[in-house]
2 protein chains.
Amino acid sequence: MRDFSRSLPMSLLRAREAVMRQFRPSLREHGLTEQQWRILRALAAIEAVEVTELARTAFLLGPSLSRILRDLEARNLIERKTAKADLRRSMVSISEKGVKLMASVAPSSEAIYSEITRRYGARKLAELQDMLAELERSLGELGASDEAIAEE
Amino acid sequence: MRDFSRSLPMSLLRAREAVMRQFRPSLREHGLTEQQWRILRALAAIEAVEVTELARTAFLLGPSLSRILRDLEARNLIERKTAKADLRRSMVSISEKGVKLMASVAPSSEAIYSEITRRYGARKLAELQDMLAELERSLGELGASDEAIAEE
DNA sequence: GGAAGATACTTAACATGTTAAGTGAATGCG
DNA sequence: CGCATTCACTTAACATGTTAAGTATCTTCC
C-alpha cells in the first residue's frame with residue numbers, strides 16, 4: 001500500500017494547514033474562527049442570502065452553519081429576517097458592526113495573503129489554483145454529494 | 001477584497017473535500033473515520049511508535065490523537081505499552097484485529113485512489129503533489145507551528 | 001540529591017464536521 | 001380542498017480541531 005504520507009488527501013491536508021497556520025493567529029486576535037470569517041466574507045459581497053445558499057458559498061454544512069449563525073447573531077455581527085413570501089426561508093445579512101469588524105481584520109489578512117503569494121510566486125499560485133479546480137471538476141461530476149442513487 | 005471563493009484556502013478546502021467525499025462512504029461502511037484510518041495506516045508501516053511521533057506522521061494534534069487512541073484501544077484495534085526506559089512515553093502498535101480490518105478496507109480504498117488517478121491523470125496528479133509540497137516548503141520555513149518568538 | 005525546568009502525554013472546554021432525526025411551512029396532485 | 005411529499009432549516013449526538021491547563025516523569029544543574 002502506498003506510503004500514506006504521500007497520498008493526495010494528506011498532501012492537500014498539509015498544504016491547507018500550512019496556509020491556515022498563517023491566518024489563524026490574526027483571526028484569533030479579532031475573536032474570529034476561520035469559519036466565522038468565511039461567513040462574514042461571503043456576506044460582505046451581497047445584500048442578503050438564504051441560509052442554504054450561504055452554506056454553499058461559505059462551504060459549510062447546514063448544521064455547522066446553523067450553530068455559527070446563532071452565535072454570530074448573538075454577537076450582533078449579522079442580522080436575519082424571515083422571508084415574507086416563504087416563512088421557511090430566512091435572509092441573512094452582515095450588520096454594521098460586522099462590516100466594521102471585517103474592516104479591522106482585512107488589512108492583516110490581505111498582508112498575509114500577499115506574503116504567501118510573494119513566497120510561493122504569483123504565477124505558480126495561479127497554476128496551483130487551476131489544477132485544484134480541475135481536480136474538483138474531475139471528481140465532482142460523478143462523486144457529487146447527493147446523487148439520486150438508490151440507497152439500495 | 002478578493003472574491004473569497006477563489007482564495008487559496010477555499011481552493012484547497014474544496015479540493016480536499018472533493019477527494020475525501022470519494023473515500024468516506026467506504027470507510028464508514030467499515031466503521032472508521034478518516035482520522036482513525038490515517039492512524040491505522042501510519043501504524044501499519046512500523047512496529048511501534050511513540051504517541052508524539054504518531055501525531056506527526058498522522059498529522060493530528062495531540063489532544064485529538066489521545067482521544068482517538070483511547071477509542072481504538074477500546075475496540076482492540078491497537079495496543080499500547082509504556083516504554084521501560086521512560087515511563088512518560090507509550091509505544092503504540094496496531095493489533096492483529098487492526099491488521100485484519102485494514103486488509104478488509106484496503107481493496108476498496110485502493111480502487112478509489114486508482115479511479116481518482118485515472119480521472120485526473122497520473123502525471124497531473126504527481127505534478128499537483130509536487131506543487132503542494134513546494135507550497136508547504138515556502139510557508140513552512142517561517143510560519144512553523146512553534147517558533148520561539150516572543151508571545152507578543 | 002533535590003528543587004526547577006523540560007518533556008510526554010492527558011484532560012478540559014469550546015467550536016466545527018458529519019450524519020440522522022425533528023419541525024414547521026410550502027407544493028403537488030388526486 | 002386535503003393529504004402526502006418536498007423543502008428549508010434546526011436539533012441532536014457523536015467525532016475531531018484547537019487552545020489552555022493539568023499530571024506524571026525525566027533532566028539539569030547547583
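Just so we're clear, the structure is a prediction, and the values are computed from it rather than from any experiment. Proteins come first, then strands; the chains are lettered A, B, ... in the order of their sequence lines, and each starts at number 1.
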Sequence neighbours excluded, which residues qualify as side chain to side chain donor-acceptor pair (under 3.5 Å) partners of B:K124? A:E134
With a 3.5 Å distance limit and no angle check, can you tell me whether A:Q36 reaches the backbone of A:T33 through a side-chain donor-acceptor pair? yes
Hey, which of these two, A:P25 or B:Q36, hits DNA chain D nearer its 5' end, going by closest nucleotide? B:Q36
Got a salt bridge between A:E17 and A:R14, using NZ or NE/NH1/NH2 to carboxylate O under 4.0 Å? no
Residues of residues 65-80 of chain A with any non-hydrogen atom less than 4.0 angstrom from an atom of DNA chain C: list those, numerically ordered, please. A:R67, A:I68
Could you go through A:Q129 and B:S11, starting from their C-alpha distance and side-chain angles, then the distance that decides it, and tell me whether this counts as side-chain hydrogen bond (donor to acceptor under 3.5 Å, both in side chains)? CA-CA 6 Å; A:Q129 305 235 41; B:S11 295; 2.5 Å; yes
Shoot me the first and last contacting nucleotide of DNA chain C against chain A, ordered 5' to 3', at under 4.0 angstrom to non-hydrogen atoms. C:dA15 to C:dA26
Check the hydrophobic clustering (I, L, V, M, F, W, Y; side-chain heavy atoms under 4.5 Å; chains of links allowed) and say if A:L61 and A:L54 are grouped together. no
Any donor-acceptor pair under 3.5 Å linking the side chain of B:S95 with the backbone of B:E79? no
Per the atom types in the model, does the base of D:dC7 pair as donor or acceptor with the side chain of A:R88 at under 3.5 Å? yes
So, does B:Y120 use its side chain to make a donor-acceptor pair with the main chain of A:R137 at under 3.5 Å? no
Reckon A:S64 touches a base, only the sugar-phosphate, or nothing at all at heavy-atom distances under 4.0 Å? base
Considering heavy-atom distances to DNA chain C, does A:L61 or A:D86 have its closest nucleotide positioned more toward the 5' end? A:L61
May I ask you to list the residues of residues 48-59 of chain A, by number, that have any heavy atom positioned under 4.0 Å from an atom of DNA chain C? none
Side-chain polar contacts of residues 63-72 of chain B - donor-acceptor pairs under 3.5 angstrom, sequence neighbours left out - could you list them?
residue : atom : partner : partner atom : Å
B:S64   : OG   : B:R67   : NH2          : 3.3

In short, salt bridge (Lys or Arg N to Asp or Glu O under 4.0 Å) pairs touching residues 53-62 of chain B with sequence neighbours left out are B:E53-B:R56
Is a donor from one side chain sitting under 3.5 angstrom from an acceptor on the other, for A:S26 and A:S108? yes
